[in-house]
Structure formats: structure tokens, C-alpha cells
Amino acid sequence: MKRILLFVGISLSVLLVSALGWWLFKQRELTEFAQTRFGNEKPKRVLIQRGTLPPALAQQLKEAEVIEDASLFYKWIRREGVASKLKAGEYEFIGPLSPAEITNQIIANQVKTYRFTIPEGLRMDEVVPIMVEAGLDFDAPKLEALMHNPSFAKQLGLPAQNLEGFLFPDTYLFSRGATEEDALKKMVKATLDTYAAAPRKPEVELNLLETITLASIIEKETGTPEERPRISCVFHNRLRQGKRLETDPTVLYAKMLRLGYFHNNITRKDLETPHPYNTYKIKGLPPGPIASSGKAAIEAALMPMDCKELFFVSKNDGTHVFCPDYECHKKAVDLWQIQFHENKKKTR
């Protein structure tokens, strides 16, 4: 009996020693794994869906060549107790990275972001392709439908039938999973926030729609920052005196609405064709904005400089000549438009 007990004791000791040795070996293997850095400078993307279990995540990382051993990675995150902290999302890994650096990025939800920039002065139809090409799987028909949807515009708090002029020019960052609605809401909110924060002269009584409409015209009339408050002054003077704005960008917008596509050329027929956006035929502001205006143009609409000018004429270099009366304006047109274009023809 004593021999049997001795044999059992020895056997158990051997098993315990073996188990301990095996455990120590595995711990050392995991420790060495934790100290290994995987990957290279080539970006590797992994989309972790919501509900993905740790073993499947480990396999995803291996298939994407972020790590080399899925089994060891799974065992390592279990040992570290971080399996439940890993978050869904699209991640971009640029190595070499250790397992801790990989998991820390996922735990912190440092997802890949996509960037797109909307310049000042674009129409809605010009904004759509920029958003589609950002890589976020935005759908062009859906964007167009939302931009033209009166109910969506009302939902966003706009006093307009569409989003024209309210898609704020800026650089935007979104992660995978952002919807078309998410992006448009953010862009509109930026316009509303800019309007709310803009300084305003006490005598300027424009409401939101009128402000954004005037700002869009100012934006299209000049790309020279210092001219915006002066051009705004001209328009405010004309509005106050009941004169037509007679601004070419609105004529081009009216032409686009008539034809169904944009054509950057104004004819005498365009100037004479009645349309709600043709400011050569209507008094006051058109029904809505003609493009998206930036912060400077919105501020200029509400804070025009003090001036007596009623006219401005392009010098064909991005700047303008400003005139207080028609006689001055007529001379400027002759010099900078008629003579300029005649001389240009002669030099061809």
C-alpha cells in the first residue's frame, strides 16, 4: 500500500512539475510575443464589425498581416484582460507595432478618419463629388436627394427648401460608418454656428436666409478678402435705395436653374430673361443662396464697411474698381471691360 501511495505521489509530482514547466514555457512564449513588433510602414486596414469575438478579431489581424500568430495574440489579450475592451471600427495600422500598441489603438477607438475639404463658393452639385470621392461610401443620389429635400432642410432648422448655401466650406473628418445625414448635419450646423457668432452692425436687419443669401453673392463676386466688406457695403447701399443688385453670379445661377446644368457664360438674353434669381430683373435679394459662403463672407454680409459706392467693376485680376455714381461706373466699364477685352482680342 505504501508503495502505491509513493508511486501516486511521485506521479503527481511529475505531473505538477510538467504542468508548471509547460505553463512557464507558455508564459515565456507570450512574454516574447508581447515584446515582438509586427508589420512595417505600409498601412494595413482592418474593419472590426460590432460583435466580433476576440478569436475572430485575432484572425482578422493575422489575415491583414498586422500580426503573425492569431492564436498567440488571442491568448495574450486574454492574459492581459483586455478582450472585453476592444471596440468596433475601421483601423489603420502602420508598423512595426507591438501587441500592446495594436490593442491600445483599438481600446482607445483610434479609428481611421477620412478627410475632405469644401472650398468657398461651391454649389450643392459641386459639393457632392467631393464628398463621394472621400472614401466613405457616400452615395451621390442619396446626397443629392437629401440636399433637395425640404423636410430634411426643415429638420436641420433651415428657413429654406434645400441646403444650397448652408454647406459650410471647411475641412471635415469622418470615420467609417458616418452616414450622408451625419455629414450634412455637421456642415449645416457649422454654417448656423458661424452665423450665430458673427458680429453684426446694429442697422443690419437681415435674417438668417437673407444673410446667407447675401454672403453667397459676396463670396461669388470676389476672392479678395479685403474687398468683401466693401462689396457688402455696395449691396447694402443698393438694397437700402431700392436699386436692383444687378450681380452676374445670380444670373448664372438663374441660367443653371433654367437649363438644368451650369454654363459659365452670360448672354444678353440671360440678362433679360425674367427669373426669381435674375437680379437684373428683380429688386432685392433672390429667394435663396447661390453657393456656400465662408466665415469672412458671412461676417461681411452682417458687417459691411461704411461707404457711398453703388457700383463695382471687375479689373479682371480678382479685384474691382468701386464707384459712387453711374458716370464713374460707365467709365470703369469702358476701361476695364470693353477696352480690356478689345485689347485682349488684338493680342491673340
Side-chain angles (χ1 to χ4, degrees), residues 18-119 127-140 142-143 168-187 189-190:
S18 298
L20 179 61
W22 178 253
W23 183 84
L24 290 172
F25 170 75
K26 286 299 181 181
Q27 289 305 304
R28 187 174 67 181
E29 186 180 39
L30 287 177
T31 300
E32 291 176 353
F33 176 79
Q35 296 171 349
T36 306
R37 301 175 73 83
F38 303 96
N40 50 47
E41 293 182 356
K42 182 179 179 181
K44 299 175 178 63
R45 296 180 190 175
V46 177
L47 178 60
I48 304 173
Q49 300 288 358
R50 193 175 300 277
T52 299
L53 297 175
L57 167 59
Q59 188 60 36
Q60 269 189 276
L61 292 173
K62 180 181 183 302
E63 291 174 358
E65 299 180 348
V66 178
I67 59 173
E68 295 177 0
D69 191 315
S71 177
L72 280 177
F73 184 81
Y74 172 58
K75 291 174 182 176
W76 181 81
I77 61 176
R78 285 190 61 192
R79 187 186 78 172
E80 299 298 310
V82 298
S84 62
K85 300 178 182 179
L86 303 177
K87 297 179 175 67
E90 183 185 26
Y91 297 89
E92 184 172 77
F93 301 98
I94 302 177
L97 297 171
S98 68
E101 289 170 330
I102 295 168
T103 53
N104 286 342
Q105 186 172 333
I106 302 174
I107 291 170
N109 202 217
Q110 295 174 354
V111 295
K112 174 176 173 52
T113 55
Y114 293 82
R115 176 192 304 262
F116 62 86
T117 300
I118 306 300
V127 170
V128 171
I130 295 175
M131 296 179 69
V132 170
E133 292 166 10
L136 282 158
D137 299 326
F138 286 153
D139 179 68
K142 184 175 181 181
L143 282 171
F168 192 71
D170 203 352
T171 295
Y172 295 92
L173 294 174
F174 291 97
S175 59
R176 180 76 62 191
T179 65
E180 291 86 350
E181 290 89 345
D182 294 333
L184 295 176
K185 285 178 182 178
K186 186 172 184 178
M187 297 165 77
K189 184 178 183 301

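For R37, the CZ atom counts as densely surrounded, since its 6.0 Å shell holds more than 12 non-hydrogen atoms of other residues, nucleotides or ligands.
Residues E181 and K142 are in side-chain contact: their nearest non-hydrogen atoms beyond the backbone lie under 4.5 Å apart. In this structure, the side chains of D182 and T179 come closer than 4.5 Å at one or more pairs of heavy atoms. Using a 4.5 Å heavy-atom threshold, the side chains of I102 and Y91 count as separate. Side-chain atoms of L86 and I48, non-hydrogen and from C-beta on, never get closer than 4.5 Å to each other. The closest side-chain heavy-atom distance from L97 to F38 is not below 4.5 Å. You'll find the side chain of K85 stays beyond 4.5 Å of the side chain of T103, heavy atoms only. Between L72 and P99, the closest side-chain pair of non-hydrogen atoms is not below 4.5 Å.
Salt-bridge check for R45 with E92: passed, with a basic side-chain N closer than 4.0 Å to an acidic carboxylate O.
Shortest non-hydrogen contact noted between K87 and I107 is NZ-O, 2.7 Å. The minimum heavy-atom distance linking G89 with V111 is given by the pair CA-CG1, 4.0 Å. The minimum heavy-atom distance between A183 and F138, with the atom names listed, is CB-CZ, 3.8 Å. Contact detail for A83 and P54: the closest heavy-atom pair is CB-CG, 3.8 Å.
Taking CG of N104 as the reference point, atom CD of Q110 lies at 8.0 Å (rounded to 0.5 Å). Separation of atoms CD1 (I130) and CZ (F116) is listed at 9.0 Å; rounding is to 0.5 Å. The CZ atom of R115 sits 12.0 Å away from the CG atom of L136 when rounded to the nearest 0.5 Å. Of the inter-residue distances, the one linking K44 atom NZ with F93 atom CZ reads 11.0 Å to the nearest 0.5 angstrom.
The side-chain hydrogen bond (donor to acceptor under 3.5 Å, both in side chains) test applied to T117 returns T171, not counting sequence neighbours. The side-chain hydrogen bond (donor to acceptor under 3.5 Å, both in side chains) search around D137 returns R176, not counting sequence neighbours.
Taking the centre of each ring, Y114 and F174 stay at or above the 6.0 Å mark.
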Side chains of residues 56-67: which donor-acceptor partners sit under 3.5 Å, not counting sequence neighbours?
residue, atom, partner, partner atom, Å
Q59, NE2, E63, OE2, 3.4
Q60, NE2, L47, O, 2.8

### Task
Might you work through the side-chain contact (heavy atoms from CB on, under 4.5 Å) test for D170 and M187, ending with a clear yes or no?
CA-CA 8 Å; D170 203 352; M187 297 165 77; over 6 Å; no
